[in-house]
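All ligand and atom numbering here is 1-based and tracks the order in the structure.
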Amino acid sequence: MHAPASLSLVVVNGQPFALPQSTLASATLLHVLRNDLSLNGPKYGCGLGQCGACTVLVDGIAARACVIPAQGVAGREVTTLEGLPGRCSCTAGLHPVQQAFVDEQAAQCGYCLSGMVMMAVALLERNPDPDEAAVRRELSGNLCRCGTHVEIIRAVLRAAVLMREAQA
Ligand code: FES
């Protein structure tokens with residue numbers, strides 16, 4: 001798909017979107033995802049790159065959408081929570097990380113959850129068999145004010161098992 005000169009192409013969850021360059025030039029990626037594309041998985045927490053609630057994947061790498069200028073992702077692939085089902089060819093429904101978070105009941109208020117899940121997906125795509133220390137390190141920059149960390153860590157370790165089993 002080619003975009004006219006005044007538009008830029010952004011691929012989100014496998015779908016191309018032609019967005020006005022004026023929009024991309026003046027907004028963060030989080031703003032565009034939530035306000036222009038109605039993708040409300042990524043959350044606005046601190047707006048300063050410090051809490052992780054807004055985490056998405058850019059070309060498969062976890063990134064904080066609240067501090068990324070939207071024009072920085074023109075021509076790149078962005079994945080949000082909404083795009084996870086289908087990202088892992090190992091299951092038909094929920095992504096195994098989402099399933100594991102459900103199985104372990106790893107949520108209270110749920111505000112941090114999208115960011116936690118996206119960080120976990122990035123980790124497990126890089127390292128399919130992390131130990132608990134690696135999971136703790138990966139998630140150390142994502143804040144959960146409810147204190148659900150124990151269940152979240154259990155969920156990530158469970159997701160690793162689910163993904164390895166499904167791909168065996
Ligand atoms: Fe982006 Fe807090 S909202 S890191």
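- Residue Gly49 has at least one heavy-atom neighbour below 4.0 Å for each of these atoms of ligand 1: 4 (S).
- Between atom 2 (Fe) of ligand 1 and Cys66 there is no N/O/S contact shorter than 2.8 Å.
- Here the angle centred on atom 2 (Fe) of ligand 1, running from SG of Cys46 over to SG of Cys51, is 110°, rounded to 10°.
- Because the distance cut-off is set at 2.8 Å, Cys54 qualifies as a neighbour of atom 1 (Fe) of ligand 1 through one of its N, O or S atoms.
- The closest donor-acceptor contact from the side chain of Asn142 to the backbone of Met119 lies at 3.5 Å or more, if one exists at all.
- Between the side chains of Asn13 and Thr80, a donor-acceptor pair is found at a separation under 3.5 Å.
- Near Gln50, meaning under 4.0 Å from one of its heavy atoms, ligand 1 places the atoms 4 (S).
- Nearest heavy atom pair, residue Asn40 against residue Glu82, reads N-OE2, 3.0 Å.
- Residue-ligand proximity, Arg64 to ligand 1, at heavy-atom distances under 4.0 Å covers atoms 4 (S).
- Ion pair Glu132/Arg137 not flagged as a salt bridge, since none of the NZ, NE, NH1 or NH2 atoms sits closer than 4.0 Å to an Asp/Glu carboxylate oxygen.
- Protein heavy atom in closest approach to atom 3 (S) of ligand 1: Gly45 N, 3.1 Å.
- Inter-residue side-chain proximity for Pro16 and Val10 is flagged as unmet; no heavy-atom pair is nearer than 4.5 Å.
- Rounding to the nearest 0.5 Å gives a distance of 10.0 Å between NE2 of His95 and OG1 of Thr79.
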